[in-house]
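Following: one structure in structure tokens, then a few remarks.
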Amino acid sequence: MNVCVFCSAADLDEVYTAAAREFAELLGRRGHTLVWGGSDVGLMKVMADGVQDAGGRLVGITVEFLRSRAREGADEMIVTASLAERKALLLERADAVAVLVGGTGTLDEATDILELKKHGMHGKSVVVLNTAGFYDGLKRQLQRMDAERFLPVPLDDLCTFADRPDEALSALGG
């Protein structure tokens with residue numbers, strides 16, 4: 001399975017890196033391919049190292065202005081002209097999507113794929129790994145949107161929130 005992972009390129013606290021490392025190792029041990037932003041820094045590097053060290057494949061999709069941060073030794077590295085093109089290719093190459101902790105870029109990617117799914121543009125499983133309650137606020141907001149009928153499909157059909165890496169992988173069908 002090709003699993004797209006959206007996450008931070010920042011160096012983060014061990015509570016976040018440990019969960020990402022565990023998730024990456026689970027992906028790699030089960031023979032899955034990581035489809036990610038291609039960066040070799042921060043949490044993206046933790047993911048790539050974990051998947052590769054556990055026997056999985058790496059498909060990076062970076063953008064021209066971030067080319068200098070691209071991982072050497074990925075099985076495949078694609079360089080796009082724009083962030084929009086990058087997001088489209090990440091989704092196209094994925095069988096499922098996992099959202100790990102991140103900043104505004106990760107939030108943009110997550111809401112974009114949820115919006116596309118809401119409109120039937122893809123039917124891929126989406127899981128949010130809610131490490132240390134990082135996405136509790138987003139979960140509450142989406143639950144409110146669902147309860148007040150802002151979402152044309154039930155929230156449970158859009159995504160799953162998981163507290164642990166093994167739960168996240170199970171939610172993706174892996």
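The minimum heavy-atom distance between A70 and T62, with the atom names listed, is CB-CG2, 4.3 Å. The shortest heavy-atom contact between P154 and D146 is CA-OD1, 3.7 Å.
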side-chain contact (heavy atoms from CB on, under 4.5 Å) between V46 and Y16, worked out: CA-CA 10 Å; V46 171; Y16 302 120; over 6 Å; no

Evaluate L58 against V51 for side-chain contact (heavy atoms from CB on, under 4.5 Å), listing each step before the verdict. CA-CA 8 Å; L58 301 178; V51 169; 3.9 Å; yes

Would you sort out whether R93 and I61 count as a side-chain contact (heavy atoms from CB on, under 4.5 Å), showing the intermediate values? CA-CA 10 Å; R93 295 292 299 266; I61 304 175; 4.0 Å; yes

Stepwise, does the side-chain contact (heavy atoms from CB on, under 4.5 Å) test hold for M47 with L27? CA-CA 9 Å; M47 284 298 306; L27 289 175; 4.0 Å; yes

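Residues M77 and F65 do not share a hydrophobic cluster, clusters being chains of Ile/Leu/Val/Met/Phe/Trp/Tyr side chains in contact below 4.5 Å. By the rule that hydrophobic residues join a cluster once side-chain heavy atoms approach within less than 4.5 Å of another member, V59 and V63 end up as members of separate clusters. The hydrophobic cluster containing V5 also contains M1, counting ILVMFWY residues as joined when their side-chain heavy atoms lie under 4.5 angstrom apart, directly or transitively. A continuous path of Ile, Leu, Val, Met, Phe, Trp and Tyr side chains, each step under 4.5 Å between heavy atoms, connects V35 with M121, placing both in one hydrophobic cluster. V97 and L83 are assigned to two separate hydrophobic clusters, defined by single-linkage of ILVMFWY side chains at heavy-atom distances under 4.5 Å.
Judged purely by atom type and a 3.5 angstrom limit, D95 uses its side chain to pair as donor or acceptor with the backbone of N2.
Residues T33 and V3 have side chains not in contact (no heavy-atom distance under 4.5 Å, counting atoms from C-beta outward).
Partners of D156 by side chain to side chain contact (heavy atoms under 4.5 Å, CB included), not counting sequence neighbours: none found. Under the salt bridge (charged side-chain N to carboxylate O under 4.0 Å, His left out) criterion, R30 pairs with no residue, sequence neighbours left out. Not counting sequence neighbours, the partners of E64 by the salt bridge (charged side-chain N to carboxylate O under 4.0 Å, His left out) test are R67. Under the rule for a side-chain hydrogen bond (donor to acceptor under 3.5 Å, both in side chains), S39 has no partner lying at least two apart in sequence or in another chain. Under the rule for a salt bridge (charged side-chain N to carboxylate O under 4.0 Å, His left out), R29 has no partner lying at least two apart in sequence or in another chain. Under the rule for a side chain to side chain contact (heavy atoms under 4.5 Å, CB included), the partners of A10 that lie at least two apart in sequence or sit in another chain are S8, L12. Partners of R71 under the salt bridge (charged side-chain N to carboxylate O under 4.0 Å, His left out) rule, at least two apart in sequence or in another chain, are D40, D49.
Counting side-chain heavy-atom gaps under 4.5 Å among Ile, Leu, Val, Met, Phe, Trp and Tyr, V41 is found in no cluster with other residues.
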Name every donor-acceptor pair, under 3.5 Å, that has one atom in a side chain of residues 110-118 and the other anywhere in the protein, sequence neighbours excluded.
{"from": "T111", "atom 1": "OG1", "to": "L107", "atom 2": "O", "distance (Å)": "3.0"}
{"from": "T111", "atom 1": "OG1", "to": "D108", "atom 2": "O", "distance (Å)": "3.2"}
{"from": "E115", "atom 1": "OE1", "to": "K118", "atom 2": "NZ", "distance (Å)": "3.1"}
{"from": "E115", "atom 1": "OE2", "to": "K118", "atom 2": "NZ", "distance (Å)": "3.3"}
{"from": "E115", "atom 1": "OE2", "to": "H119", "atom 2": "NE2", "distance (Å)": "2.9"}
{"from": "K117", "atom 1": "NZ", "to": "K124", "atom 2": "O", "distance (Å)": "2.9"}
{"from": "K117", "atom 1": "NZ", "to": "D157", "atom 2": "O", "distance (Å)": "3.2"}
{"from": "K117", "atom 1": "NZ", "to": "L158", "atom 2": "O", "distance (Å)": "3.3"}

May I have the list of side-chain donor-acceptor pairs in residues 129-138 shorter than 3.5 Å, sequence neighbours left out?
{"from": "N130", "atom 1": "OD1", "to": "F134", "atom 2": "N", "distance (Å)": "3.2"}
{"from": "N130", "atom 1": "OD1", "to": "Y135", "atom 2": "N", "distance (Å)": "2.4"}
{"from": "N130", "atom 1": "OD1", "to": "D136", "atom 2": "N", "distance (Å)": "3.4"}
{"from": "N130", "atom 1": "ND2", "to": "D136", "atom 2": "OD1", "distance (Å)": "2.7"}
{"from": "Y135", "atom 1": "OH", "to": "L100", "atom 2": "O", "distance (Å)": "2.9"}

Just list the side-chain donor-acceptor pairs under 3.5 Å for residues 161-174, sequence neighbours left out, or say none.
{"from": "R164", "atom 1": "NE", "to": "D166", "atom 2": "OD1", "distance (Å)": "3.0"}
{"from": "R164", "atom 1": "NH1", "to": "E167", "atom 2": "OE2", "distance (Å)": "3.0"}
{"from": "R164", "atom 1": "NH2", "to": "D166", "atom 2": "OD1", "distance (Å)": "3.4"}
{"from": "R164", "atom 1": "NH2", "to": "D166", "atom 2": "OD2", "distance (Å)": "2.9"}
{"from": "E167", "atom 1": "OE1", "to": "D163", "atom 2": "N", "distance (Å)": "3.0"}
{"from": "E167", "atom 1": "OE1", "to": "R164", "atom 2": "N", "distance (Å)": "3.2"}
{"from": "S170", "atom 1": "OG", "to": "D166", "atom 2": "O", "distance (Å)": "3.2"}

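Applying the salt bridge (charged side-chain N to carboxylate O under 4.0 Å, His left out) test to residues at least two apart or on different chains, the pairs with a partner in residues 4-14 are E14-R21.
Within 6.0 Å of the CZ atom in R69, the count of heavy atoms belonging to other residues, nucleotides or ligands does not exceed 12.
Separating the CG atom in L151 from the CE atom in M145 is a distance of 7.0 Å, to the nearest 0.5 Å. With rounding to the nearest 0.5 Å, the separation of SG in C4 from CH2 in W36 is 11.0 Å.
Test L91, L66, V79, I78 against R86 for side chain to side chain contact (heavy atoms under 4.5 Å, CB included) and you get one pass: L66.
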